[in-house]
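These numbers come from a predicted model, not from an experiment. Each residue takes its place number in the sequence, starting with 1. Order of listing sets the numbers, starting from 1, for every ligand and every atom in it.
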Amino acid sequence: MSFRISPVWWPVLAVASPAIVPWLLIRNRHFQDDCTRATELNHERISQAQPLEMPELDFLDLTVLVEWKAAEGFIGDAGVSYLFKTELGSMLYDVGFGPTRPALSHNAAKLDFSLDQVDALAISHLHADHIGGIAAARSRQVTVPDKLMSPKLKPCFLPDRTEAEGFKTKLVERPQLLTAGLASSGPLARSLFIFGFTEEQALLARVKGKGLVVFTGCGHPTIEVVLEMVGRLSKEPLYAVGGVLHFPVSGGRGNRAGIQFQTIIGTGKPPWQRISDEDLSRTITAINSANPKRVYLSGHDSCDHALDRMMRELNAETEVLKAGATYRF
Ligand SMILES: [Zn+2]
Ligand SMILES: [Zn+2]
């Protein structure tokens, strides 16, 4: 198991510890309070959720614009951008690191994609790897490369208050139909130590002869909570679960300066605890008991060790999503 913070940093941490330790203790108090608040809020939302009238779709196609793994000729990155198409329209889900890294622009150009071709944009949550980069996350402003923008104002469905210049922002406050026959789980919360209280929406669709397809953005609320909500929204059988489950067990993606940020931030644990194989085992058991036929894993914040375990231990037919590839449901 690798060091999450390189030993090179340890003397710096030791010198800074009189400042870091009190900050960690204060932060931990907020974090624990938010854990309770998120659990209660999710429970309330799930218990109040009503079944959604989702159209039965003839097909659902997913083309992956940004993912960690990539097909030949496409750029892989630790962000997410998924294009969903149905016979009723299309919607882009997340914009990766936006214009700040080459993946989205390069892959979109290769696929001849621009936002002109979709009916709407939906953002899973407001983290840099989904909303368009670090500056976008700091300023709470969805940021898309200029070349991909449409001159028409398209709706942008958001799980929390944010700006999205060039779009008609629509705050999603509860489960609802969005566009193209796709629905939102509504915001589901998670307390994160560094990022604080985080709201995230998953997408779901109902495909004829198959059942429900559910996709997460970063998987912060946990797939268990997402599937509990989905179970309230539809009694259709679960056909496929896809997207991000957030398991940087043996290491993170996009490590910088000897620090594995994904293993420290965004895990739902204090920085001194790491996501473990036991955590992953619990999630594998939960997915197996939900019994999807197919699982499409994201490598953007799950390490290869976690992906390998899920490929071996999930009962469903399982594959890892690749940028540039199209999947039909
Ligand atoms: Zn995230
Ligand atoms: Zn993410």
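Listed by chain and number, the protein atoms of type N/O/S under 2.8 Å from the Zn ion (ligand 2) are D129 OD2, H130 NE2, C218 SG, H300 NE2; waters are omitted.
A distance-only check finds no donor-acceptor pair linking the side chain of T86 to the backbone of F59 [under 3.5 Å]. Distance alone, capped at 3.5 Å, is enough to place a donor-acceptor pair between the D119 side chain and the S90 backbone. A distance-only check finds a donor-acceptor pair linking the side chain of R27 to the backbone of I194 [under 3.5 Å].
Annotation: cation-pi geometry satisfied between K110 and F74 (NZ/CZ under 6.0 angstrom from ring centroid, within 45° of ring axis).
Closest approach of I75 and A70 over heavy atoms only: C-CB, 3.8 Å.
In this structure, H125 and H220 have perpendicular ring planes: the angle between them is above 60°, well past the 30° mark.
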